[in-house]
Asker: 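Have a look at this one before I ask anything.
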Amino acid sequence: MIPAKFDYVRPSSVGDAVSALAGGGEDAKVIAGGQSLLPLLRLRLAYPELLVDIGGLDELCGVTDDGDHLLIGARTTHYQLVHDPLITEHCGLLAQAAGTVADPAVRHRGTLGGSIAHADPAGDLPAVVLALDATMIATGPAGGREIPAGEFFVDYLTTALAPGEILTGIRVPKLGADWGYRYEKFHRTAQAWAIVGVAALVRRSDGHVAEARVGLTNMGSVPIRAAAVETAAAGAQASPEALREAAAGADEGTQPPADLHGAPDYRRHLARVLTGRALEAAAGV
Amino acid sequence: MTATVDAPTAELGKARLRKEDAKLLTGQTNWTDNIKLTGMLHLAFLRSPYAHAKITRVDVSGALGQPGVIAAFSGADFAAEQGSLPCAWPVTPDIVIPPHPPMAVDEVRYVGEAVAVVVARDRYAAADALASIDVDYEPLPPVLDIRTALDPGSPKVHEAGNKSYEWVFANGDVDAAFSDAPVVLERTYRQQRLIPCAMEPRAVVAQWVGDEVTLWSATQIPHVLRFALSAFFGIPEQNVRVIAPDVGGGFGSKLQVTAEEVLAVLIGRKIGKPVKWAETRTEGNLTVHHGRDQWQQIKIAAEADGRIRGLSVDLLADMGAYLMLVTPGVPLLGAFMFPAIYKMDAYSFKCTGVFSTKMPTDAYRGAGRPEATFAIERIMDELAAELGIEPLELRERNWIKHEEFPYTTICGLTYDSGNYEAATAKARELFDYDGLRAEQRLRNERGDKVRLGIGISTFTEMCGLAPSRVLGSLSYGAGGWEHAAIRMLPTGKVEVVTGSSAHGQGHETAWSQIVADQLGVPFEDIRVLHGDTQVSPKGMDTYGSRSLAVGGLALVSACDKVVAKAKIIAAAMLEASADDLEFSAGRFSVRGDPEASKTIQEVALATFAAHALPEGVEPSLDSDATYDPDNFSFPHGTHLCATEVDTETGFVHIRSYVAVDDVGVVVNPLIVEGQVHGGIAQGIAQALYEEGVYDEAGNLVTTTLADYLVPSAADLPSYRTERTTTPASNRLGVKGVGEAGTIASTPAVVNAIVDALRPLGVQDVTMPCTPERVWRAIQAAHGQPAQGQPAQGSEQSGGMA
Amino acid sequence: MTHITVTVDGVKYVDQVEPRLLLVHYLREVIGKTGTPIGCDTSNCGACTVLMDGQSVKSCSVLAVQADGSDVTTIEGLANGELHPVQRAFHEEHALQCGYCTPGMIMATTDLLRDNPHPTEEEIRDGLEGNLCRCTGYENIVRAVKRAAEAGVTQ
């Protein structure tokens, strides 16, 4: 219940935050909302020597319209994602999925950047930004760089962020009105982690699926794109039967974990069933 | 059956809002962890990471130099004084009760067992210093499966072996009942290990002044704890004061004499300063006693028409590593409940208590009775399916009819009252049983992916623990009476002292209602005192749905005594004979002369003044009384549950839940309904969500509420609750309600799940019925429709398939 | 030690705290606001829920230093003389038994009704998913939230 001791700085600019983080070396960690980090600190599963609190950096907060993209500050909370009109209009999947994260109090504090940088494959939003083909914007001692979501999640709780780099924003392509979406989360109790989650995006055209994108939560050490499903769904009829058939390959290439709530074979089965359901909902059939 | 019940009066049955609420709603509650005493030090315990190991060395010296640390101790430092935590229920003469030192000295036998303690100026410093203590362990093999723990080659938890006791009971000719029975069914059911998870974690504060100690503890049992500290740890009883301040739920988990309580007292004495320990949830999941954990083998013999001939039960009960306060007795509370509401010719019961290297088990809401009710109600459904008899019909053919009460069961219990027909009829109607059955048939015929199931639980239980002579015959270490005292204050207000220490049950309100009626004083004029052995020196505390059925009756006796004495004083005031006075609604009046009367408040003032008391009458209107019940009370009811089971994912959704309970006369319907709601939720939680899981090394996996899934509002249904009222044969007509919902609801839910899946060939799903388990059960049955018509969905009755 | 200024229940507090001090410990141990209890160590139970700048947060999951400059309302500061409508509704619907979850449940409810003044039963249940109660089975809590909504808490 009681975190181990650490030093703490609250920089007043991203530049200061980057310097502080770089100066702290491997034992420094960024804290924003702290909703992933604080439970780990309390259980003494994490022992950072320095916390760099970016909670005061208002420039990292909020959603802006950037032409064919939305630019979302890393500190934007789940609550803000759920309620932001730009998100709802152009990227409803993110709002829908953010609304399933933990509970309202956690959603008030927890941030998009935090969940992505924490890179827990059981977290809901990593699979969503993966399906959205989002781009992560990182700022480090050497300046800024952009990392596609597909290259960002490296391993369990590990990202492509270099030491000293801070995730400052997420660039998400706007989706047109012809896109449907669904985040299908399967868990035992409302605030429990997803056993499996499926983030599906479907673009319909003339009763067919023109394009589908599917991200899987908790089906491996990183969030995963269900490539086989996307291929099978493209061009398929927008019918429950055809979409279920396309979903049959949802677990291809996955390495689902085993825990209290599900063995790998059950998770594979769930991935297929839930992908079918998510595609149907996204296709509106 | 007619019961003698005092005439209904103003307060009994009224939905009074609770007196307790004001402070709880505004954050003025006095939880133990809120207590701050001058100079108070904080304790943090270092706990065993091994399920089973020899302790070869403990070095606490590293902690001593740490900031804020005052002292640190290992088990060896207490070896001379710490004794053994008590087990009050040696159920058989040859039971094995191993020594249970509060802090391990030579060997640890479960993960979480305390091995050292830090005393520091604040809780942060105490937590930090734990890392500076060195302990060397020599790991020993864990014992994790009680089904193999009695095998000759099994590692041993204790030197004496892994068997604690075997307890048997039989009545009737069991062999005859089974030998030529047309139908015999045998099933094995698993009662998983549960973690009670009262919302308030445990906390303890101990303060010594001279040779007197005050212990504040989040406990259900201040009186038992005081007795135990004195009887087992050598502190003279008159020097021990135990206070249970506001206590945030217990559910049996705070019915214990814990290592931390004893150690806080010992450390406080060593240090000479008050000490506090406040548990973290992780510590709580590891070291608050667990509940259930049984393997139940149940065998039923029946006639072709469904009439039960006999029942045979063989239990394996996981004691955990040690026997705590009532560990071995918990399964025995269920021994008498397997026959439930049903008539039969023969019954046999055997329970073997087995040690494992896990946290000890002990009382958890229902304690033995939920386990028994689950097994009998599950197998009744299986019997119905086997015989093709509608399951409610099968139950009705076997249950005790309302005109047969009082009825002595095959266990020798005399059920004083009940009306199973009435409760079932009401539940059936509220639930729209026939409509749901019709929908179920339709969905089964269509082969829907989401199936509908209907679960039944026609339960009873024995509560109001307990007649002292019965406890004695079961070798329990104490009586089952309860104490109450009444103090009429000079201004006519009333203080009520109860030995039944509440922790959420609403005693202050309900007791006020009872006393208001008995003494004819306003509800608002009554204050109820409890939970401090200096204020309430006698009591047996709160568990086993006993407070009202035992403590409430003690209250009535105490009121009787006050009224009797007040009558003598009133007679003197009215210059009449006491025999000519009648007492009604707080007023003594002379029969035939209504003008000549005195209120009880006037009598109280006159008693205080003591100017003109009759010869030999002492100037007080106080009384105390103890009540020892001559029987248990037997609440009963019919719970019906409809589940929607997603056969693709295994997810279970409870669509509707109806509970009709008969808890006798109700003092406060609001409180009763609340108890039923909460009980149902806890039973559903066992059916669907909760399980304390140890891995193959003996580590508890479910140490946090992220892994041990206590359901939230979003996970639970709305319940429709109603009552029937069959008064119990005591003066208030009351039974008990604290455990009823939990006892009833678990089998209702699991029966509903199996009922939904029986057409797919599923016969059972192990609890908790997680989506994965439900899915696997369907897979194991190959998803093929079972042969023939599903009995549950048909109206056919009688005859064998 | 870090310097913080926090307004709690309308009173401004200035303190030097260890960075690792949890907000809930700050409230309970430093400034004596023991009305907010602690029920778990993983942010699951919600017993320690308070409002921070008007929004519900679990005070075990916020560092006191993160609350610097914020306005915190605890159960002790919710009532203004008489009971707050949510407190009254909990009393009238018998939505509490042991009362340990009650402060968090009430704070979560006030936030829920701020966000959604007229929630459906499902919205109420979902809105309280982060607050565990072991006594009531939630039935009367849901009724209390409905009653508070009808009473128009936000007015």
Side-chain angles (χ1 to χ4, degrees), chain A residues 1-6 35-36 38-45 47 99-100 102-106 120 122-123 184-198 240 244 247-248 256-278 280, chain B residues 33 42 44 66-67 120 122-131 201 278-284 449 646-652 684-685 688-695 700-716 768-776 778-779:
Chain A
M1 184 65 200
I2 294 164
K5 285 185 181 179
F6 50 77
Q35 300 302 288
S36 299
L38 267 164
L40 297 178
L41 294 178
R42 283 201 306 268
L43 294 172
R44 299 204 174 193
L45 295 172
Y47 290 87
T100 73
D103 59 67
V106 170
D120 188 335
E184 190 76 26
K185 180 173 183 172
F186 190 84
H187 46 172
R188 286 182 54 202
T189 57
Q191 62 167 331
W193 295 91
I195 301 175
V196 174
V198 179
R244 293 246 170 172
D259 61 25
L260 274 183
H261 311 301
D265 65 326
Y266 177 58
R267 284 192 152 93
R268 286 175 182 278
H269 166 78
L270 279 181
R272 297 190 291 265
V273 171
L274 300 175
T275 299
R277 291 181 182 181
E280 284 178 46
Chain B
D33 192 21
H42 293 258
Q66 298 298 310
D122 67 69
R123 66 180 84 204
Y124 278 54
D128 288 347
L130 290 178
E279 169 184 86
T280 66
R281 178 61 61 185
T282 299
E283 275 184 302
K449 291 221 163 95
D646 183 334
T647 59
E648 284 187 313
T649 62
F651 192 84
V652 174
I684 293 174
L688 294 181
Y689 301 115
E690 298 181 10
E691 180 170 25
V693 178
Y694 284 86
D695 68 14
L700 184 69
V701 180
T702 50
T703 52
T704 71
L705 293 178
D707 300 307
Y708 188 84
L709 299 183
V710 172
S712 75
D715 306 305
L716 290 169
C769 302
T770 64
E772 182 178 20
R773 283 189 178 149
V774 171
W775 177 74
R776 288 198 191 283
I778 298 167
Q779 298 310 301

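Chain identifiers are assigned alphabetically (A, B, ...) following the order of the sequence lines, protein sequences preceding nucleic acid strands; residue numbering begins at 1 within each chain.
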Asker: Give the intermediate values and the outcome of side-chain contact (heavy atoms from CB on, under 4.5 Å) for residues B/Asp128 and A/Arg44.
Answerer: CA-CA 10 Å; B/Asp128 288 347; A/Arg44 299 204 174 193; 2.5 Å; yes

Asker: Side chain from CB out, backbone as N, CA, C, O: work out which of these in B/Asp707 comes under 4.5 Å of a heavy atom of chain A, or both, or neither.
Answerer: both

Asker: If every non-hydrogen atom of B/Asp715 is compared with every non-hydrogen atom of A/Thr189, which pair is closest and at what distance?
Answerer: OD1-CA, 3.3 Å

Asker: Any chance you could lay out the side-chain contact (heavy atoms from CB on, under 4.5 Å) test for A/Asp265 and B/Trp775, step after step, and finish with the verdict?
Answerer: CA-CA 11 Å; A/Asp265 65 326; B/Trp775 177 74; 4.2 Å; yes

Asker: Rounded to the nearest 0.5 Å, what separates atom CG in B/Leu130 from atom CD1 in A/Ile2?
Answerer: 9.5 Å

Asker: Hey, are the side chains of B/Leu709 and A/His261 touching, using non-hydrogen atoms and a 4.5 Å cut-off?
Answerer: yes

Asker: What part of A/Leu43 gets within 4.5 angstrom of chain B, counting heavy atoms only: side chain, backbone, both, or neither?
Answerer: side chain

Asker: B/Leu688 versus chain A, heavy atoms under 4.5 Å apart: side chain, backbone, both or neither?
Answerer: backbone

Asker: When you measure from the side chain of A/Arg188 to the backbone N and O of B/Pro771, does any donor-acceptor pair fall under 3.5 Å?
Answerer: no

Asker: Once you round to the nearest 0.5 Å, how far does CE of A/Met1 lie from CZ of B/Arg123?
Answerer: 9.0 Å

Asker: Grab the two heavy atoms, one from A/Gly262 and one from B/Glu772, that are nearest each other, plus how far apart they are.
Answerer: CA-OE1, 3.2 Å

Asker: Measure the CZ-CZ distance between B/Arg281 and A/Arg42 for me, rounded to the nearest 0.5 Å.
Answerer: 12.5 Å

Asker: Do any N or O atoms from the side chain of A/Tyr266 and from the backbone of B/Thr649 form a donor-acceptor pair under 3.5 angstrom?
Answerer: yes

Asker: Just how far is it from atom CZ of A/Arg272 to atom CD of B/Glu648, taken to the nearest 0.5 Å?
Answerer: 11.5 Å

